[in-house]
Amino acid sequence: MKRLLSIELQKIWKNKASRVLTLAYFILLTFIALIASIKFDLGIFKFHLAEMGIFNFPFIWHFNTYIAAILKLFLAIVIVSMMANEYSYGTLKQNLIDGMSKKEFIQSKFLTVVLFATVSTIFVFIMSLILGLSYSSYTEFSIVFSDLEYLLAYFVKLVGFFSFCLFLGILVKRSAFALGFLLVWNIIEGIINGVLTFKVFPNSTTAASITQFLPLQSMSNLIVEPFSRLSVVKNLGTQIGLDNIKEYDVSISSIIIVLFWTAIFIFLSHRLLKNRDL
């Protein structure tokens, strides 16, 4: 396993575009800390994000994992490009000639996916811990380390999404087309969601019960938007008569669905590669 992972990391690091995108991803993650410095003081109107509680424990675990997940497209491009380069530069065929099996090839790619997700999760954990200890009004041990399931959801979300990108990279062979397919699939899921919600099952939760099994939607369901949890948003909703019935907890069923799709994507990647004449 160590040998397979070492080979993949060398390929990524030697590719300038992949190296730049990977570094850009982690640099952008650190920019979450800059949110704390957003401050406006215009007479009676004062606005300071850090004082709104977004860095309070345990809310910070929810907020930071949600924001960090938005940036996953940077690493998705690396994953797709990693697979496209195998075809473009002929390294896939060379690896097979050198004795690597197609199963080991897929394993090496999946290990890279898991490594990216693991490093990203650890990075978000450390960054959130530092920000929380700096700005949170609550620093009791039991509060600081509560709601850590959002980190698990973040990890599973990245593994599932990157596995989907890996499958698309093998299926399409070209990074631009694979990313285009990802965009088209996202639009298709949006159309399905809209039709079920507003046409087939209006004023019902049936649509959500069905669309939760779609791959991208299931990943999205892992970490629900956190903004409506803020007290200022809740108070505003109460004043205009809006009831917030949203569930924010990480759902075990959502994790299981995403893990199922992850297994499907890896299985299909191996099957596709196994049956393809290189």
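Keep in mind that what you see is a predicted model, and the values were worked out from it rather than measured.
Side-chain contact check for Leu21 versus Leu75: every heavy-atom pair is 4.5 Å or farther apart. Looking at Leu152 and Val250, their side chains never come closer than 4.5 Å, going by heavy atoms from C-beta outward. With a 4.5 Å cut-off on side-chain heavy atoms, Trp185 and Pro215 count as touching. Within the 4.5 Å cutoff, no side-chain heavy atoms of Thr262 are placed close to those of Phe162.
Residue His62 comes nearest to Ile223 through the heavy atom pair CD2-CG2, 3.7 Å, listed as atom of the first residue, atom of the second, then distance. Annotation for Asn56 and Ser137: closest pair OD1-N, 2.8 Å, computed over non-hydrogen atoms. Shown here for Arg229 and Asp147, the closest heavy-atom pair between the two residues is NH2-OD2, 4.3 Å. Shown here for Thr65 and Leu151, the closest heavy-atom pair between the two residues is CG2-CD2, 3.9 Å. Across all non-hydrogen atoms, the minimal contact from Phe26 to Thr22 is CD1-O, 3.2 Å. Across every non-hydrogen atom of Val113 and Ser163, the tightest pair is CG1-OG, 4.1 Å.
The cluster map of Ile, Leu, Val, Met, Phe, Trp and Tyr, joined by side-chain heavy atoms under 4.5 Å apart, puts Phe123 and Phe31 in the same cluster. Following chains of ILVMFWY side-chain contacts shorter than 4.5 Å, one cannot reach Ile266 starting from Ile256, and the two form parts of different hydrophobic clusters. A continuous path of hydrophobic side-chain contacts links Val119 to Val124 [ILVMFWY only; heavy atoms under 4.5 Å]. Cluster membership for Leu28 and Ile122, using ILVMFWY side-chain heavy atoms within less than 4.5 angstrom, is shared. When hydrophobic clusters are built by joining Ile, Leu, Val, Met, Phe, Trp and Tyr residues whose side-chain heavy atoms come closer than 4.5 Å, directly or via intermediates, Phe155 is not grouped with Ile252.
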**Message:** Apply side-chain hydrogen bond (donor to acceptor under 3.5 Å, both in side chains) to residues Ser254 and Asn221 and explain how you reach the verdict.
**Reply:** CA-CA 7 Å; Ser254 294; Asn221 289 342; 4.9 Å; no
**Request:** Carefully, step by step, assess Asn64 and Phe55 under the rule side-chain contact (heavy atoms from CB on, under 4.5 Å).
**Result:** CA-CA 9 Å; Asn64 280 4; Phe55 292 141; 4.0 Å; yes
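Between atom CG of residue Leu268 and atom CG of residue Leu171 there is a gap of 9.5 Å, rounded to the nearest 0.5 Å. Of the inter-residue distances, the one linking Phe59 atom CZ with Tyr248 atom OH reads 8.5 Å to the nearest 0.5 angstrom. With rounding to the nearest 0.5 Å, the separation of CD1 in Ile60 from OH in Tyr135 is 10.5 Å. Separation of atoms OG (Ser220) and CG (Asn186) is listed at 9.0 Å; rounding is to 0.5 Å. To the nearest 0.5 Å, atoms NZ (Lys103) and OG (Ser108) are separated by 13.0 Å. Taken to the nearest 0.5 Å, the CG atom of Leu196 stands 7.0 Å off from the OG1 atom of Thr211.
Proximity of a side-chain donor or acceptor of Glu140 to a complementary backbone N or O of Ser142 within less than 3.5 Å is not detected. Proximity of a side-chain donor or acceptor of Glu86 to a complementary backbone N or O of Met83 within less than 3.5 Å is not detected. A distance-only check finds a donor-acceptor pair linking the side chain of Asn85 to the backbone of Ser81 [under 3.5 Å]. Side chain of Lys72 to main chain of Ala69: a donor-acceptor pair is present (N/O by atom type, distance under 3.5 Å, no hydrogens or angles). The backbone N or O of Leu133 lies less than 3.5 Å from no partner atom in the side chain of Ser136, so there is not a single donor-acceptor pair. Not a single donor-acceptor pair under 3.5 Å links the side chain of Ser120 to the backbone N or O of Ala117. Of the possible donor and acceptor atoms, none in the side chain of Trp61 sits under 3.5 Å from a partner among the backbone N and O of Leu129. With Glu189 contributing its side chain and Leu216 its backbone, the two residues share a donor-acceptor pair below 3.5 Å. For His270 (side chain) and Gln107 (main-chain N/O), no donor-acceptor pair under 3.5 Å exists by modelled atom type.
Ring pair Phe145/Phe141: centre-to-centre distance below 6.0 Å. Ring-centre distance between Phe213 and Trp261: not below the 6.0 Å cut-off. When ring centroids are compared, Phe164 and Phe265 come within the 6.0 Å threshold.
Within a 6.0 Å radius of CZ in Phe181, other residues, nucleotides and ligands contribute 12 heavy atoms or fewer. Residue-environment remark: CZ (Phe177) stays at or below the threshold of 12 foreign heavy atoms within 6.0 Å.
Between Phe227 and Phe63, the ring-plane angle classifies as perpendicular under the 30° and 60° cut-offs.
With Cys165 as the partner, the side chain to side chain contact (heavy atoms under 4.5 Å, CB included) test is satisfied by one option alone out of Ile77, Val78, Val80: Val80.
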